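What follows is a single structure, written as structure tokens, with notes after it.
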Amino acid sequence: MKIVVVSDSFKGCASSREINDLIEEGVRRAVPDSVVVKIPVADGGEGTVDALMSEAGDKRCFFEVTNPMGDSVTAEVGVINDNTAVVETASASGLVLIASDDRNPLIANTFGTGQLMLHAMDVLCRHQSESRKKLFVGLGGSATNDCGMGMASALGYVFLDKNGNVVEPFPYNMIKVSSIDCLHASKKLFDCDIVGICDVRNPLYGAQGATAVFGRQKGVTENNFTLLDDGLKNLAEVIHFQLNKDVANVPGAGAAGGLGAGLMAFCNATLQSGIETVLDMSNFDEIIKDADLVITGEGCIDSQSVYGKVPVGVARRSKIQNVPVLAVVGQMKCSADELKPFGIDAVVSTVSPSVSPEKSIAGFGNLIPDVVSRYLSYMLNV
């Protein structure tokens, strides 16, 4: 029996690789002689670099950049086959880098992500290759709501108000931007293709935009909501008028606090589904051709999971080849019937009504192998 294990991380608990190992442990208990193939995955957020890097080969480089509040942080660049690099917004401009009491969406910016991108492009340029260079930017887990204004500033763009004065690249200043000086933008931007990878399809602003949907966790309140959302709208209008790029309503423009829009505007980037990109690069379709079962998972599965999250992305690919899919999750905030139309045949959860979520999180290392083993034993009558 061949089983392919391809779970997302359980955020706050363990990485994709660690969860895959726990699922394998459960598989081995129930079916000791099975063939298990494990694929680490991510959808553009934390773990994207790790998911795209091979077990051996490929290189990891570390650089000092600024975090969302301007303090120093070490962030990673993954280099694949000397012609492709990948960075995570979360590692330079991530929510996890700031204590909850210190979050301030009026100041937090993506300058560090821009610095990391420059480092990545430098690394790529040092390698001689006839093929076109590519830089993937994972869009997830950001603490920012600045439309990539900070990133653009790190890349050499200068923002000006109606009087021609320089506007510092902080979110509270987006509403003041009247024009953009592009003369000093880094020439490195022309040396590679830049791709933003994400798991959301939200527009830049409005009821389904970055501020409304993702702002609360970053510290957005009723008092600063309008300033920030109107700021995103203003910057989008300036970009449209001056750069002739209408990015506001492109699906994914609102990813990472509008960094999706910023990448398109300032880096000529395209946006792609995070999980689809990772599955393509891992050769997933070929691996599952002779599989009997695919096991995927994530920490919490809910109604939003159908919009580009790992389990549904994995299930969609698996269903094309008629491979059944089991999802192993922590919390389950929707019914299994809601997920069946998206290719997930069964769901098992580590959180039971008799056990608190806190205890489940603390004991996930034992619970995941247990639920996988019980499910497989029941299904196979072993």
Side-chain angles (χ1 to χ4, degrees), residues 1-10 13-44 47-58 80 197 199 273-299 301 305-306 308-330 336 339-350 364-365 367-380 382:
M1 186 176 193
K2 178 179 176 179
I3 298 176
V4 178
V5 180
V6 52
S7 176
D8 197 0
S9 63
F10 279 32
C13 291
S15 69
S16 171
R17 292 181 190 273
E18 292 168 331
I19 298 297
N20 284 352
D21 288 343
L22 292 171
I23 292 173
E24 181 187 20
E25 182 182 333
V27 171
R28 297 286 181 208
R29 291 181 192 175
V31 196
D33 60 348
S34 59
V35 175
V36 179
V37 180
K38 296 177 291 185
I39 304 173
V41 289
D43 52 22
T48 299
V49 171
D50 193 48
L52 291 179
M53 302 285 284
S54 65
E55 294 278 355
D58 297 343
I80 305 166
I197 53 177
D199 66 352
S273 161
I275 184 57
E276 296 297 335
T277 301
V278 172
L279 292 178
D280 282 343
M281 294 183 68
S282 67
N283 203 25
F284 178 77
D285 294 341
E286 187 66 27
I287 290 172
I288 67 168
K289 276 186 176 179
D290 58 347
D292 299 291
L293 175 68
V294 169
I295 303 180
T296 185
E298 67 177 337
I301 198 163
S305 296
V306 302
K309 296 287 188 177
V310 166
V312 169
V314 168
R316 186 183 299 116
R317 295 282 193 100
S318 301
K319 286 294 109 177
I320 293 173
Q321 299 193 43
N322 296 313
V323 182
V325 176
L326 166 68
V328 179
V329 304
L339 299 171
K340 284 185 177 179
F342 299 94
I344 296 177
D345 298 290
V347 185
V348 292
S349 172
T350 62
F364 77 96
L367 290 170
I368 290 175
D370 285 347
V371 298
V372 171
S373 176
R374 286 201 302 268
Y375 175 83
L376 291 179
S377 296
Y378 171 77
M379 293 302 297
L380 299 172
V382 297

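These numbers come from the heavy atoms of this one structure, side chains and all, not from hydrogens, waters or symmetry mates. The first residue of the sequence shown is numbered 1, and numbering continues consecutively from there. Since the model is a prediction, treat every value here as computed from it, not as a measurement.
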Report yes if some heavy atom in the side chain of [X] is under 4.5 Å from a heavy atom in the side chain of [Y]; otherwise report no.
X      : Y      : answer
Arg29  : Asp370 : yes
Val278 : Asp43  : no
Lys38  : Arg17  : no
Asp345 : Lys319 : yes
Leu22  : Val328 : no
Ser16  : Asp50  : no
Asp292 : Ile3   : no
Val6   : Ile288 : no

Heavy-atom closest pair, residues [X] and [Y]:
X      : Y      : result
Glu298 : Ser7   : N-OG, 4.2 Å
Ser9   : Ala14  : CB-O, 3.3 Å
Ala315 : Ile344 : CB-CG1, 3.7 Å
Ala30  : Ser377 : CB-OG, 3.5 Å

Can you measure from [atom1] ([X]) to [atom2] ([Y]) and round to the nearest 0.5 angstrom?
X      : Y      : atom1 : atom2 : value
Asp58  : Leu52  : CG    : CG    : 9.5 Å
Arg317 : Thr296 : CZ    : OG1   : 12.5 Å
Asp285 : Ile320 : CG    : CD1   : 6.5 Å
Ile19  : Ile368 : CD1   : CD1   : 3.5 Å
Glu276 : Asp199 : CD    : CG    : 12.0 Å
Tyr375 : Ile295 : OH    : CD1   : 9.0 Å

Is it true that a side-chain atom of [X] and a backbone atom of [Y] form a donor plus acceptor pair closer than 3.5 Å?
X      : Y      : result
Asn20  : Ile39  : yes
Arg28  : Ser34  : yes
Ser318 : Val314 : yes

Quick one: which of Val5, Val27, Leu367 gives a side chain to side chain contact (heavy atoms under 4.5 Å, CB included) with Val372?
Val27
Candidate pair Val348 and Arg374, rule side-chain contact (heavy atoms from CB on, under 4.5 Å), full reasoning
CA-CA 10 Å; Val348 292; Arg374 286 201 302 268; over 6 Å; no
One pair to check against side-chain contact (heavy atoms from CB on, under 4.5 Å): Leu380 and Met1. What are the steps and the verdict?
CA-CA 11 Å; Leu380 299 172; Met1 186 176 193; 4.0 Å; yes
